[in-house]
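Only one structure is covered here, and it is reproduced in the block below.
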Amino acid sequence: MKIWKTLFYFLAVIPWTFIVALATFYVKAGQILGHAPTYNNPDPKELEIYIDYAPFVDLTAEVWMFSFFVWFALTMTYIVIFRRRIEWTPLVISGIGHYFGILLFSGIFEWYID
């Protein structure tokens, strides 16, 4: 059980790296523009800070997407193996970060990948 908890808590940290990286870029772009960036207003690649933030945002997005599929597979495996004595706390904590990562796809990430 201890290994499972460690895996889930490790997978809980990964989406937050992506969330923080993208949110930091978004906030900094908003400070430079004087308003919140929206889809194609402006294109993120037009901002001077894009070359500083893009490698980190891209890397954390790729790692997070990979970790999301690993988390999903591990969660299903865990539920099948321990169906009678599931400890929900690690699952919920790790799921919260992935949930917020998915929420970013609806607005900020859409603007970023524009």
Side-chain angles (χ1 to χ4, degrees):
M1 280 298 247
K2 187 174 182 179
I3 293 172
W4 286 97
K5 281 184 186 179
T6 305
L7 282 171
F8 283 119
Y9 287 136
F10 175 73
L11 291 172
V13 173
I14 294 173
W16 290 103
T17 60
F18 165 66
I19 293 167
V20 168
L22 186 59
T24 303
F25 177 64
Y26 184 78
V27 168
K28 188 68 173 172
Q31 287 175 342
I32 291 170
L33 296 170
H35 61 83
T38 57
Y39 184 77
N40 206 21
N41 184 20
D43 191 311
K45 293 168 189 74
E46 294 174 3
L47 300 171
E48 291 180 18
I49 62 168
Y50 180 79
I51 58 173
D52 297 329
Y53 284 90
F56 191 65
V57 173
D58 293 342
L59 175 67
T60 56
E62 289 175 23
V63 171
W64 169 67
M65 285 184 195
F66 177 73
S67 76
F68 176 73
F69 292 115
V70 170
W71 173 81
F72 187 77
L74 282 176
T75 300
M76 293 299 114
T77 305
Y78 178 81
I79 289 173
V80 168
I81 292 173
F82 298 104
R83 65 181 156 263
R84 299 203 194 284
R85 55 192 165 121
I86 296 173
E87 193 169 326
W88 290 102
T89 305
L91 294 174
V92 171
I93 289 173
S94 62
I96 289 171
H98 293 291
Y99 174 74
F100 282 117
I102 291 170
L103 283 180
L104 285 180
F105 271 99
S106 64
I108 297 174
F109 195 65
E110 183 179 275
W111 166 76
Y112 177 76
I113 60 173
D114 173 28

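Residues Leu11 and Val80 do not share a hydrophobic cluster, clusters being chains of Ile/Leu/Val/Met/Phe/Trp/Tyr side chains in contact below 4.5 Å. Cluster membership for Val20 and Val57, using ILVMFWY side-chain heavy atoms within less than 4.5 angstrom, is not shared. In the hydrophobic clustering of ILVMFWY residues, with side-chain heavy atoms under 4.5 Å counting as a link, Phe69 and Ile96 come out together. No path of Ile, Leu, Val, Met, Phe, Trp and Tyr side chains, each step under 4.5 Å between heavy atoms, connects Ile108 with Tyr39, placing them in separate hydrophobic clusters. Cluster annotation: Tyr78 and Phe10 are assigned to the same hydrophobic cluster (Ile/Leu/Val/Met/Phe/Trp/Tyr, side-chain heavy-atom contacts under 4.5 Å, transitive).
Checked by atom type and distance alone, the side chain of Trp111 pairs as donor or acceptor with a backbone atom of Pro42 at under 3.5 Å.
Counting non-hydrogen atoms of other residues, nucleotides and ligands closer than 6.0 Å to CZ of Phe82 gives a total above 12. Within a 6.0 Å radius of CD in Glu48, other residues, nucleotides and ligands contribute 12 heavy atoms or fewer. Counted within 6.0 Å of OH on Tyr9, heavy atoms from surrounding residues, nucleotides or ligands total more than 12; the atom is thus considered enclosed.
Not a single side chain to side chain donor-acceptor pair (under 3.5 Å) links Tyr26 to another residue, sequence neighbours left out. Taking Ser67 as the reference, nothing meets the side chain to side chain donor-acceptor pair (under 3.5 Å) condition, with sequence neighbours excluded.
The NZ atom of Lys45 sits 8.5 Å away from the CD1 atom of Ile113 when rounded to the nearest 0.5 Å. Note that the OG atom of Ser94 and the CZ atom of Phe72 stand 12.5 Å from one another [nearest 0.5 Å].
If you look at Phe25 and Phe56, their ring centroids are not closer than 6.0 Å.
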* **Audit row: Phe18, Val63, side chain to side chain contact (heavy atoms under 4.5 Å, CB included) steps and yes/no** => CA-CA 8 Å; Phe18 165 66; Val63 171; over 6 Å; no

* Test log, rule side chain to side chain contact (heavy atoms under 4.5 Å, CB included), inputs Thr75 and Phe8 -> CA-CA 8 Å; Thr75 300; Phe8 283 119; 3.5 Å; yes

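When every heavy atom of Lys28 is checked against every heavy atom of Ile49, the shortest pair comes out as CG-CD1, 3.6 Å. The minimum heavy-atom distance linking Gly30 with Pro37 is given by the pair CA-CD, 3.9 Å. Minimum heavy-atom separation, Ile51 to Pro55: O-CD, 3.4 Å.
Side-chain contact check for Leu47 versus Tyr53: every heavy-atom pair is 4.5 Å or farther apart. For the pair Ile14/Trp71, no side-chain contact is recorded, criterion being any heavy-atom separation below 4.5 Å from C-beta on. At least one side-chain heavy atom of Trp4 sits under 4.5 Å from a side-chain heavy atom of Leu74. Within the 4.5 Å cutoff, no side-chain heavy atoms of Thr17 are placed close to those of Leu59. The shortest side-chain heavy-atom distance between Tyr112 and Asp58 falls under the 4.5 Å cut-off. Looking at Trp64 and His98, their side chains come closer than 4.5 Å, going by heavy atoms from C-beta outward.
Relative ring orientation between Phe100 and Trp16 is described as tilted, the plane-to-plane angle lying within the 30° to 60° band.
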